[in-house]
Amino acid sequence: DQQVKQNSPSLSVQEGRISILNCDYTNSMFDYFLWYKKYPAEGPTFLISISSIKDKNEDGRFTVFLNKSAKHLSLHIVPSQPGDSAVYFCAASAWDSNYQLIWGAGTKLIIKP
Amino acid sequence: EAQVTQNPRYLITVTGKKLTVTCSQNMNHEYMSWYRQDPGLGLRQIYYSMNVEVTDKGDVPEGYKVSRKEKRNFPLILESPSPNQTSLYFCASSSGGVNYEQYFGPGTRLTVT
């Protein structure tokens with residue numbers, strides 16, 4: 001049973017428009033969420049995170065929104081650029097374990113010129 | 001340059017032949033972790049280490065061993081590899097657990113025939 005779900009395996013967005021990647025979770029013990037980005041033949045790289053005490057965190061073109069009641073978070077990229085084409089992973093950790101991370105299956109984002 | 005290195009990058013082996021995948025980081029990080037990535041499943045945690053001589057199981061530890069004798073190194077050992085361990089493996093490190101940015105190695109593609 002996947003505790004972190006990214007239901008869209010892929011997403012195609014026009015360059016310059018907004019990209020919205022979604023993530024749902026089932027475990028109410030999760031209190032910290034992270035987004036990682038992965039290019040082919042490379043390891044994931046950290047993008048942005050959010051604690052459950054917040055509902056929004058922003059870093060440049062990237063914003064993560066957290067809706068605790070719906071157990072849903074989303075990553076917004078504005079404006080989308082060709083270099084944003086990658087696989088994006090959502091991941092979560094529980095309040096009682098700072099050492100274990102549960103990952104979603106990933107969403108492949110394709111930015112069209 | 002701050003980095004996590006893994007060796008080998010690619011490995012094809014046969015069932016039952018013991019192998020070790022090395023992982024080394026030069027950032028003096030206390031936390032290190034091993035993940036495997038499989039299609040449709042995202043990343044799953046195998047083992048992690050909070051510090052030297054302190055390790056614990058992740059979600060999928062069966063068939064794997066680890067050791068942490070030095071802070072910089074965290075090798076992954078497959079004593080008797082089986083075909084279901086064919087996967088892409090990533091080593092990662094951070095300064096304080098999964099809620100901190102994890103730095104990933106480039107990955108090791110393992111095929112067990």
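Letters A, B, ... are given to chains in the order of the sequence lines, protein chains preceding strands, and every chain is numbered from 1. In this text, all values refer to a predicted model and were calculated from it rather than measured experimentally.
B:Asp59 is listed as a side-chain neighbour of A:Ile102, based on a closest heavy-atom distance under 4.5 Å. With contacts defined as side-chain heavy-atom distances shorter than 4.5 Å, the pair B:Gln37/A:Phe89 qualifies. With a 4.5 Å cut-off on side-chain heavy atoms, A:Ser49 and B:Asn99 do not count as touching. Within the 4.5 Å cutoff, the side chain of A:Gln100 has no heavy atoms near those of the B:Asp56 side chain.
Comparing B:Arg109, B:Glu101, B:Arg44 by heavy-atom pairs within less than 4.5 Å of chain A, the highest count is held by B:Glu101. Counting heavy-atom pairs closer than 4.5 Å to chain B, the top residue among A:Ser51, A:Gly106, A:Cys90, A:Ser93 is A:Ser93. Considering only heavy-atom pairs separated by less than 4.5 Å from chain A, the leading option among B:Leu88, B:Val4, B:Leu43 is B:Leu43.
Contacts between A:Leu101 and chain B at a heavy-atom distance below 4.5 Å involve backbone atoms as well as side-chain atoms. With a threshold of 4.5 angstrom between heavy atoms, B:Gln6 does not approach chain A through any atom at all. With a 4.5 Å cut-off on non-hydrogen atoms, A:Gln2 touches chain B through its side chain but not through its backbone. Interface residue B:Tyr35: only side-chain heavy atoms are found under 4.5 Å from chain A.
Note: B:Phe104 CZ to A:Glu42 CD = 13.0 Å, rounded to the nearest 0.5 Å. Separating the CZ atom in A:Phe46 from the OH atom in B:Tyr103 is a distance of 9.5 Å, to the nearest 0.5 Å. Atom OG of B:Ser33 is separated from atom OH of A:Tyr99 by 12.5 Å, given to the nearest 0.5 angstrom.
Using a 4.5 Å cut-off between side-chain heavy atoms of Ile, Leu, Val, Met, Phe, Trp and Tyr, with links allowed through other members, A:Val87 and A:Leu11 fall into different hydrophobic clusters. In the hydrophobic clustering of this structure, A:Leu109 groups with A:Leu75; members are Ile, Leu, Val, Met, Phe, Trp, Tyr whose side-chain heavy atoms approach within less than 4.5 Å, directly or through other members. Both A:Ile48 and A:Val13 belong to a common hydrophobic cluster when Ile, Leu, Val, Met, Phe, Trp and Tyr are linked at side-chain heavy-atom distances under 4.5 angstrom. A:Leu66 and A:Val78 are assigned to two separate hydrophobic clusters, defined by single-linkage of ILVMFWY side chains at heavy-atom distances under 4.5 Å. Tracing side-chain contacts under 4.5 Å through hydrophobic residues (I, L, V, M, F, W, Y), one reaches B:Phe74 starting from B:Leu19; they form part of the same cluster.
Open room surrounds NZ on A:Lys108; 12 or fewer heavy atoms of other groups in view lie less than 6.0 Å from it. Within 6.0 Å of CZ on A:Arg61 lie more than 12 heavy atoms contributed by other residues, nucleotides or ligands. Around atom CZ of A:Phe65, more than 12 heavy atoms belonging to other residues, nucleotides or ligands sit under 6.0 Å away.
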One pair to check against side chain to side chain contact (heavy atoms under 4.5 Å, CB included): A:Tyr36 and B:Gln102. What are the steps and the verdict? CA-CA 9 Å; A:Tyr36 279 82; B:Gln102 288 189 79; 3.3 Å; yes
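Shown here for B:Gly40 and A:Ala105, the closest heavy-atom pair between the two residues is O-CB, 3.5 Å.
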